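What follows is one structure encoded as structure tokens, with my remarks underneath.
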Number of protein chains: 2
Amino acid sequence: MSIQKIARLAGVSVATVSRVLNNIDTVKPKNRERVLQAISESNYQPNLLARQLRTARSSMILVMVSNISNPFCADVVKGIEEEAEKNGYRILLCNSGTDIQRSISSLKLLSGKIVDGIITMDAFSKLPELTTMIDRMPWVQCAEYADDGGVSCVGIDDIDAAGFVIQHLITRGRGRIALINHDLSYKYARLRERGYKMALERQGLTYRAVEYASDLTFCAGKTAMENLLRGERRPDAVFAVSDTLAAGAMRAIEEAGLSIPDDMAIVGFDGTELSEMVSPQLSTIAQPSADIGRKAVGLLLNKINNPDSPAERVVLDWHFISRASV
Amino acid sequence: MSIQKIARLAGVSVATVSRVLNNIDTVKPKNRERVLQAISESNYQPNLLARQLRTARSSMILVMVSNISNPFCADVVKGIEEEAEKNGYRILLCNSGTDIQRSISSLKLLSGKIVDGIITMDAFSKLPELTTMIDRMPWVQCAEYADDGGVSCVGIDDIDAAGFVIQHLITRGRGRIALINHDLSYKYARLRERGYKMALERQGLTYRAVEYASDLTFCAGKTAMENLLRGERRPDAVFAVSDTLAAGAMRAIEEAGLSIPDDMAIVGFDGTELSEMVSPQLSTIAQPSADIGRKAVGLLLNKINNPDSPAERVVLDWHFISRASV
DNA sequence: CTGAAAGCGCTTACAG
DNA sequence: CTGAAAGCGCTTACAG
């Protein structure tokens, strides 16, 4: 079923059909009527491929997340959706699972013109091949840093936020503070670790213990905490770089027969609803998730509409939420 | 940058370029070499729109979920991704947010030929307009029932599972069992409620208390439980139709100063990791989430490859996980 | 083994 | 206000 058949059915040209399809109001009412009639009779649906090929725009943007199970990602995506919709764009989600093949295949949706732009939340700074693949096309990194000067990014000051957490724990009398970090291929992970170390140094504390979680899951957090508890000098506080990791750590602490916060204080990161779901409730760094998403869309649309505009780096504010886990 | 430019650069025809792009091995090595050379020099990327328009296939399927924050959805999606990938398909995710406009716009990706098929997890049985919109195109309902005979679906026996939970609570000495259900536009919600009522009836219990959550969130679960606790005859057990709702209910119970399971037993549904993250850990009905997803892909691909094959209804097994919350 | 040509289903100047 | 025609970037019989 194509526009041609509709034209034949309605006894007009394809141009006229196209015009009523696109709400161009120069069409004579009678002709419009006949076209509409033909469309509904034949249950015609326009072929978007042909349309997008012709107009060279799709009004769709692709959002690539490494793991849809991460509630922080979901929060950012909500902001993205809201702002995109406000501007007449639809979003498509791709779950990369940090798999390089899948990421490449997703980026082909951009280079292949299926979408007009892409927002990523993954660690791409380490993958120059991907960077060249989508060259100078509209791309913004979200909640993660872009090393490549050509791509815009939006996030928070991770060093600062991590430093604040450590300082806060020290003020509350903790002296052996461990870190449960994410894979260091993420720049934000490197920055938070730097914030952790700088704050300890500043206070003259020498205890250091860092565990790396392979992904941001409950399981990985639990395993990381179990490793920390096996160490010779057990920490009296843990800072986890995501609420999900923190939740996993809490389970490990509980299973070890320790109590929170008496034996072990714990602080998470992201400020997701999950931090309220666990017991005791979790102190955490709240990121402006929806704002990060909204801002990312703003940067992306700007790039789509002005391809030559320079890349921007936006830093938003975070805040600390104090709860019973410290 | 198009196939034409590459052809000119390499001194061959577009047909030859297309052949090397598609790994057709009749191309003479020397020509292949020159084409490959031209491609890498110009950083050419094929236009997928043109390709898909021409071949009438995309090897992509769309997955529509009502809420990506729901961990059960995420689990199902994992199964879908796995099976799709195994068959050379990519998946695109759309977060409908139960918004009708967004759902329509997503379905246009199917009718507009951007994707080859669609898997939905939303309540579409009540929306005949959508059903006619995508007519007889490849579509399967996942973890929800399709009333329309033309669409395949895969799920579990919800009446049975709900009945089992109620029976179990009764056996454990509970007599006033409440239900926190989802919006009744979902058929699974109607079935689980029927299972709840049938089981109570069978045992001659007269207490009934049902609250409806507008969505499957922690917040909605908490509010629902608060309403139940305000009732004149307080329940001594609650069955929530999702782990997320149950987690919210647990928070309300805790805030009311009641203890689980002594004052109030609680059972969730889905068997997501969340049920292990709360304290005490949650008894729940485990759905074969990944299998549901995998099976949905199987049904969909069958429909894509054999458009005239009849719709199928697949029912998979569930099992009960007993934990400290009962 | 290769190329010329048709065609997928649209949109959009252009001419009338 | 409308239509004929060109063209978006591919793939694929077909002829050679």
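Quick caveat, the model's predicted, so the values are computed rather than measured. First the proteins, then the strands, lettered A, B, ... as listed; each starts at 1.
If you take CG of Leu48(B) and P of dT11(D), they are 10 Å apart, rounded to a whole angstrom. Across the protein-nucleic acid pair, Lys113(B) atom NZ and dC10(C) atom P stand 10 Å apart, rounded to whole Å. dG9(C) atom P lies 9 Å from atom OH of Tyr44(A), rounded to whole Å. Between Arg54(B) atom CZ and dG9(D) atom P the separation is 16 Å, expressed in whole Å. dA5(C) atom C1' lies 12 Å from atom CD of Gln4(B), rounded to whole Å. Straight-line distance from the CZ atom of Arg57(B) to the P atom of dT11(D): 13 Å, rounded to whole Å. Here the P atom of nucleotide dG9(C) and the CD atom of Gln45(A) are 14 Å apart, to the nearest Å. Atom NZ in Lys30(A) sits roughly 13 Å away from atom P in dC1(D) (whole-Å rounding).
Residues from residues 8-18 of chain B lying near DNA chain C, meaning a heavy-atom separation below 4.0 Å, are Val12(B), Ser13(B), Ala15(B), Thr16(B) in numerical order.
Distances were taken from every side-chain heavy atom of Arg51(A) (C-beta onward) to each of dC10(D), dT11(C), dG9(C); the shortest belongs to dT11(C). Residue Asn47(B) places its side chain closer to dG9(D) than to any other of dC10(C), dG7(C), dG9(D). Closest approach to the Ile3(A) side chain among dT11(D), dG9(D), dT11(C) is made by dT11(C) (side chain taken as heavy atoms from C-beta onward). Nearest to the side-chain atoms of Lys28(B) among the listed nucleotides dT11(D), dC1(C), dC10(D) stands dC1(C).
Of the possible polar contacts, one joining the Asp116(A) side chain to the Ser59(A) backbone as a donor-acceptor pair under 3.5 Å is found.
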Go through Val63(B) and Leu92(B) one step at a time and tell me if the side chain to side chain contact (heavy atoms under 4.5 Å, CB included) criterion holds. CA-CA 6 Å; Val63(B) 178; Leu92(B) 254 32; over 6 Å; no
I'd like to know whether Ile3(A) forms a side chain to side chain contact (heavy atoms under 4.5 Å, CB included) with Tyr44(A), so could you lay out the CA-CA distance, the side-chain angles of the two residues, the decisive distance to 0.1 Å, and finally the verdict. CA-CA 8 Å; Ile3(A) 213 178; Tyr44(A) 165 77; 4.2 Å; yes
Side chain to side chain contact (heavy atoms under 4.5 Å, CB included), that's the test. Do Asn302(A) and Glu312(A) meet it? Break it down for me. CA-CA 10 Å; Asn302(A) 185 42; Glu312(A) 290 178 67; 3.7 Å; yes
As a quick check of understanding, evaluate side chain to side chain contact (heavy atoms under 4.5 Å, CB included) for Ser66(A) and Met121(A), giving each step before the final call. CA-CA 7 Å; Ser66(A) 52; Met121(A) 302 186 64; 5.9 Å; no
How far apart are the C-alpha atoms of Lys78(B) and Glu81(B), what are their side-chain angles, what is the distance that settles it, and do they pass the salt bridge (Lys or Arg N to Asp or Glu O under 4.0 Å) test? CA-CA 5 Å; Lys78(B) 287 217 177 71; Glu81(B) 281 173 337; over 6 Å; no
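In this structure, a donor-acceptor pair under 3.5 Å is absent between the side chains of Thr120(A) and Asp122(A). In the model, Arg90(B) has a side-chain atom that pairs as donor or acceptor with a side-chain atom of Ser106(A) under 3.5 Å.
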For nucleotides 14-16 of chain C, tabulate all protein N/O to nucleotide N/O atom pairs closer than 3.5 Å, reporting atom names and distance.
none

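When side chains are defined from C-beta on, Pro46(B) counts as touching Arg51(B), because their heavy atoms get closer than 4.5 Å.
Within a 6.0 Å sphere centred on NZ of Lys113(B), heavy atoms belonging to other residues, nucleotides or ligands number 12 at most. Counting heavy-atom neighbours within 6.0 Å of Lys295(B) NZ, excluding the residue itself, gives a total of 12 or less.
Classification of Glu33(B) and Lys30(B) as a salt-bridged pair fails, no side-chain N sitting under 4.0 Å from a carboxylate O.
Counting non-hydrogen atoms under 4.0 angstrom, Thr26(B) reaches a base of the nucleic acid.
Considering only side-chain N and O atoms, Asn22(B) lies under 4.0 angstrom from the phosphate OP1 or OP2 of dT11(D).
Stem list for DNA chain D (at least 3 consecutive Watson-Crick or G-U pairs, distances under 3.5 Å): C:1-3 with D:14-16, C:5-12 with D:5-12, C:14-16 with D:1-3.
With DNA chain D read from its 5' end, the first of the two nearest nucleotides for Leu49(B) and Val27(A) is the one closest to Val27(A).
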